[in-house]
Amino acid sequence: MSTADLASQPAAYRPAAARAWLRLLRSELGLTFLRWRNIALLAVLAVIPVLIGIALRLAAPSGGGQGPAFLDQVAGNGVFLAFLALTIMLTLVLPLAVAVVAGDSVAGEAGHGTLRYLLTVPAGRTRLLGIKYGALLAFCIVSSLIVAGVSLAVGAAAFPVGPVTLLSGTTVSLAVGLLRLLLVTLYVAAAMAALAAIGLAISTFTEHAIAAVAAILVLVIGSEVADSVPQFAVVHPYLPTHWWLSFDGLLRMPIAWGSVGHGLLSFAVYAVIFCAVAWARFTTVDVTS
Amino acid sequence: MSPVPPHSAQPDEVSFGRAGRPSVTSRSPNTAPERPAPERPAPERPAPERPAPEPGPVEADAASAPAIATRGLTKRFRSGQLAVDNLSLAVPPGSVYGFLGPNGSGKTTTIRMLLGLVQPSSGSHQLLGVPMPDGTNAVLPRVGSLVEGPAFYSFLSGRANLARCDAADRTADPRNAAARIGEALDRVGLTAAAGKHYRAYSLGMKQRLAIAAGLLRQRDLMILDEPTNGLDPQGTREVRGLIREIAAEGTTVFVSSHLLAEVEQICSHVGVMRAGQLVFEGTLEQLRDGGVARVTVLTADSDVASSILAGCGLADIQASDGSVSAQLGAQAPEDINARLVQAGVRVAGLATTRPSLEDLFVELTGEGFDVNG
């Protein structure tokens, strides 16, 4: 915290605050990505695009504009399998993975009792929460990249790949198309990061990780249902899931920032609000587990 | 503070060479297993007299200030339960302080408040002279702790778990982390099992790992919540040895327990909790002195003996077939014996007894089974 605090340490070693943060962050990342449960989650995220690719290869889409966006383009250009996979998995599978990891982040530590040992080290409550969210951000980015990366590879293997025809009708080179895919992937990661903030906040209210995970999923599904009911149109823009699929602006030439900007703003607002809630709760709560 | 020989576990008894009356030597059976008999002469270490707090590893301010000081510390949980009620503790630096109390008397809640895990409803406290909770980040690196049993990641090895604890400590030097972790594992005898997953550890090994986490750095204060809970006699004994070792280095040790045998063997000071309140605080000797000594006479002439004892001015005379006992008060037992013999009482035996610590403990904390809230 303050330098005065550190000055009163008997320890000769006074690490830079940033280095101490990085050390705990590395430990947290190791805990997140070396844990079998999380590896299994990421494996599921990797397998589903493969299944989608195989299914599309075996039963060539009939066309006719039915089914999710990008479905018709896949047969012509494997790159679109990545957009298709991201779209399909954003509905449930990606949020599920994020919900499990985010819900477990604080509640799991509390439930196992490891939280009290971290806090008496002392890890610092604000610092620990910041590290937890940092690791969640990393998980959101990695999981989005896995979906995009695996589906791109499968798409390239199963379908022809070439210059990408954007939604605006313009055809761009494969390199530009892949850059657009990266932007879309980061947009999806941002959507998941907002969800992770909500999950982190919920996670500070319980010591039962499963309850936190369930609460996050109820929220996601509830929001998606509300988003599909026309009578609730007034609240649609404020729903946490409303802007998740609004990345089509990134697939136009030039990029249409309208809805993309709205989406990013929505994610940022949700992230800030719920990180604040998590902080207010976590820095004052009695740790009795 | 007066050094107390922590091994004088027995109440000072003058033995008859005959079976004493049950009321004199009674020990409730439920504590019997926790009292490993062959323990007494700790072989590895001579009676560790508590050294006066010496300047050295302890800082100047810490040497003068109590290691733990609380003033009016109170915790009322949202459920309305009053877990700790107006607690004022003073733990002298360099002491081994036994924090005694039955289960549910508020020991763990107190420890959680001391360590900043739980916010007091009212009152204040200091650790090593630093006001809490403002000084949490400054003072807790100097405090090792074990709170309510071990808790680690089951899918990590013992060594990896300690590395995790060390990584969380922003004042720990990562350059010698591996060495410190190895040393801590060595001190608790876990080196051989350091690579095993935590989930494969026995309860004793888990407990030791928690102590090792507290030993990752040189500490000025160790707060140990029931460190021998769930351990077998060997494990209990090892932990006791470890606590003595830590204390011998000048570290103040605050150890909570409901096991009297444990406390009377290692502690110089005791605080006794009952239903959230501190009912005694002082040295172990002061606790013993608080007990009322009794004199017991074994004789066939119990009627005469009781009247003689009454004549000596002794209170609370209890006569039964073959023996008479009374509160000793300030009388010398040899004088009483002389008067009994003068009066022609055939004295088969005479003994003075103080209540055991357990008797005192039960007297202070109630008979149990009346858990409040």
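We use all heavy atoms of the structure for the numbers below, so side chains are in, but hydrogens, waters and symmetry mates are not. First the proteins, then the strands, lettered A, B, ... as listed; each starts at 1.
- In this structure, K75(B) and D286(A) have side chains that are in contact, with non-hydrogen atoms separated by less than 4.5 Å.
- Comparing P122(A), S27(A), G113(A) by heavy-atom pairs within less than 4.5 Å of chain B, the highest count is held by P122(A).
- Interface summary for chain A: among N176(B), V147(B), T108(B), the most heavy-atom pairs under 4.5 angstrom belong to V147(B).
- Considering only heavy atoms from C-beta on, R164(B) comes within 4.5 Å of L118(A) through its side chain.
- When heavy atoms are compared at a cutoff of 4.5 Å, L156(B) approaches chain A solely by way of its side chain, counted from C-beta outward.
- Contacts between R26(A) and chain B at a heavy-atom distance below 4.5 Å are absent for every atom of the residue.
- Across every non-hydrogen atom of A168(B) and L24(A), the tightest pair is CA-CD1, 3.7 Å.
- Contact between Y117(A) and P150(B) at its shortest, heavy atoms only, is OH-CA, 3.6 Å.
- At a threshold of 4.5 Å between non-hydrogen side-chain atoms, the residues R170(B) and V121(A) do not count as touching.
- The OG1 atom of T114(A) sits 10.0 Å away from atom OH of Y198(B), with the distance rounded to the nearest 0.5 Å.
- Ranking A160(B), A210(B), S154(B), G149(B) against chain A, the residue ahead of the rest is G149(B), based on heavy-atom pairs under 4.5 Å.
- Looking at R112(B), the atoms closer than 4.5 Å to chain A (heavy atoms on both sides) all sit in the side chain, from C-beta outward.
- Proximity to chain A (any heavy atom under 4.5 Å) is shown, for D166(B), by both the backbone and the side chain.
- The environment of CZ in F33(A) is crowded: more than 12 heavy-atom neighbours from other residues, nucleotides or ligands sit within 6.0 Å.
- Between chain B and the options T284(A), L128(A), T288(A), the largest number of non-hydrogen pairs under 4.5 Å is found for T288(A).
- With a 4.5 Å cut-off on non-hydrogen atoms, E28(A) touches chain B through its backbone and its side chain both.
- Of the two parts of F77(B), only the side chain, counted from C-beta on, holds a non-hydrogen atom closer than 4.5 Å to a non-hydrogen atom of chain A.
- A distance of 10.0 Å separates OG in S145(B) from CZ in R116(A), rounded to the nearest 0.5 Å.
- L117(B) has its side chain within reach of T120(A): a pair of non-hydrogen atoms, C-beta onward, lies under 4.5 Å apart.
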Indicate every side-chain donor-acceptor pair of residues 94-107 of chain A with a distance under 3.5 Å to a residue at least two apart or in another chain.
residue: D104(A); atom: OD2; partner: R35(A); partner atom: NH1; Å: 3.1
residue: D104(A); atom: OD2; partner: R37(A); partner atom: NH1; Å: 3.3
residue: D104(A); atom: OD2; partner: R37(A); partner atom: NH2; Å: 3.3
residue: S105(A); atom: OG; partner: A102(A); partner atom: O; Å: 2.6

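- Under the 4.5 Å side-chain criterion, counting only non-hydrogen atoms from C-beta, L34(A) is not in contact with F155(B).
- Closest non-hydrogen pair, R23(A) versus D169(B), comes out as NH1-O, 4.2 Å.
- The number of heavy-atom neighbours closer than 6.0 Å to CH2 of W21(A), taken from other residues, nucleotides and ligands shown, is above 12.
- For I210(A), the CD1 atom sits in a loose shell: 12 or fewer heavy atoms of surrounding residues, nucleotides or ligands are nearer than 6.0 Å.
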